[in-house]
Amino acid sequence: MHISDNSCCCSFDECKRTSDWLLSQTRYRPKIAVVCGSGLGLLAEYLTSKQAFRYEDIPNFPVCTVSGHEGRLVFGKLNDKSCVFMQGRFHLYEGYSLCKVTFPVRVFKLMGVETIIVTNASGGLCQDFKVGDIMIIKDHINLPGFAGQHPLCGPNDERFGVRFPTMSDAYSEDLRKLALDISSELGYSSFVHEGVYCMVCGPNFETVAEARLLHKLGSDTVDYTDWT
Ligand SMILES: O=P(O)(O)O[C@@H]1C[C@H](O)[C@@H](CO)O1
């Protein structure tokens with residue numbers, strides 16, 4: 001079968017249009033992006049000299065439909081480093097295609113971002129975790145990906161990356177170590193862990209049997225997101 005439909009909403013040209021628009025509107029050239037999960041938008045308040053854009057004002061950008069996701073892209077400085085924060089993300093269960101869900105990540109790449117920090121409010125599966133604990137993701141299980149729901153399905157544009165990306169080191173070992181070292185210095189080790197994150201589609205929370213299964217498969221947390 002020859003797939004000729006290349007009209008994906010996150011084609012290189014579409015992403016470039018959004019990236020060029022943002023670069024024309026801000027003097028910031030961030031190398032670091034932070035995606036704020038549910039209820040975590042306040043993280044962006046740590047930025048100084050902020051410049052914010054509402055998602056609905058950014059060409060091609062999806063809009064947030066879930067509470068706890070404000071829907072703003074905030075540029076600014078953190079310890080003198082230019083950063084961009086997403087105050088709100090997009091989920092498959094909102095009805096967005098995975099192409100749209102991951103659209104901001106492609107835009108960030110075209111803007112020059114090199115490091116992305118994703119945060120989310122996920123469900124704990126590991127018996128040792130307590131509500132409110134923090135888990136640093138060391139690896140993930142992309143469950144919908146096993147069933148063909150994968151953001152990299154479709155024609156591959158090498159300008160974004162290779163057709164068959166390696167995933168054995170998806171989460172930077174250096175950054176994970178840094179996060180754990182700083183947690184230890186701050187005396188936070190009792191509630192900061194490392195673990196495996198499992199993506200599911202949502203929007204229902206898992207049944208008890210599903211949660212048990214995901215834990216047996218090796219997941220420590222479960223959530224509906226971290227495609228972004
Ligand atoms: O965006 P995140 O992953 O933080 O949001 C999670 C998933 C659902 O949107 C919501 C459910 O509580 O939190």
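Just so you know, ligand 1 is whichever comes first in the structure, and atom 1 is the first atom listed for that ligand. No hydrogens, no waters, no symmetry mates; every other heavy atom, side chains included, goes into these values. Residue numbers start at 1 and run along the sequence shown.
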Practice problem: With side chain to side chain contact (heavy atoms under 4.5 Å, CB included) as the test, would you mind laying out the steps for Ile136 and Tyr171 before giving the verdict? | Solution: CA-CA 9 Å; Ile136 297 160; Tyr171 300 91; over 6 Å; no
In terms of atom number and element, which parts of ligand 1 are under 4.0 angstrom from non-hydrogen atoms of [X]?
X      : result
Thr225 : 1 (O), 3 (O)
His91  : 1 (O), 2 (P), 5 (O), 9 (O)
Tyr93  : 8 (C), 9 (O)

Does ligand 1 come near enough to [X] that some N or O of the ligand is less than 3.5 Å from an N or O of the residue?
X      : answer
Ala121 : yes
Tyr224 : no
Asn120 : no

Quiz item: Would you say the side chains of Asp220 and His193 form a donor-acceptor pair under 3.5 Å?
Solution: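 Side chains of Asp220 and His193: no pair found under 3.5 Å.
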Quiz item: Is Lys100 close enough and on-axis enough to Phe103, meaning under 6.0 Å and within 45°, for cation-pi?
Solution: yes
Quiz prompt | Within 45° cone and under 6.0 Å: Arg106 NZ/CZ vs Phe160 ring | solution =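 Positive - Arg106 is close enough to the ring of Phe160 and near enough to its axis.
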How close does the nearest protein non-hydrogen atom get to [atom], and which residue and atom is it?
atom                    : answer
atom 10 (C) of ligand 1 : Ser38 OG, 3.6 Å
atom 7 (C) of ligand 1  : Asp223 OD1, 3.1 Å
atom 12 (O) of ligand 1 : Phe205 CZ, 3.9 Å

Quiz item: Just wondering, are more than 12 heavy atoms of other shown residues or ligands nearer than 6.0 Å to NZ in Lys77?
Solution: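 Counting other residues, nucleotides and ligands, NZ of Lys77 exceeds 12 neighbours.
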Quiz prompt | Residue pair Gln87 / Glu45, side-chain heavy-atom distance below 4.5 Å | solution = yes
Exercise. May I ask you to say whether Lys177 pairs ionically with Asp181, meaning some side-chain N is under 4.0 Å from a carboxylate O?
Key: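 A salt bridge is present here (some side-chain N lies under 4.0 Å from a carboxylate O).
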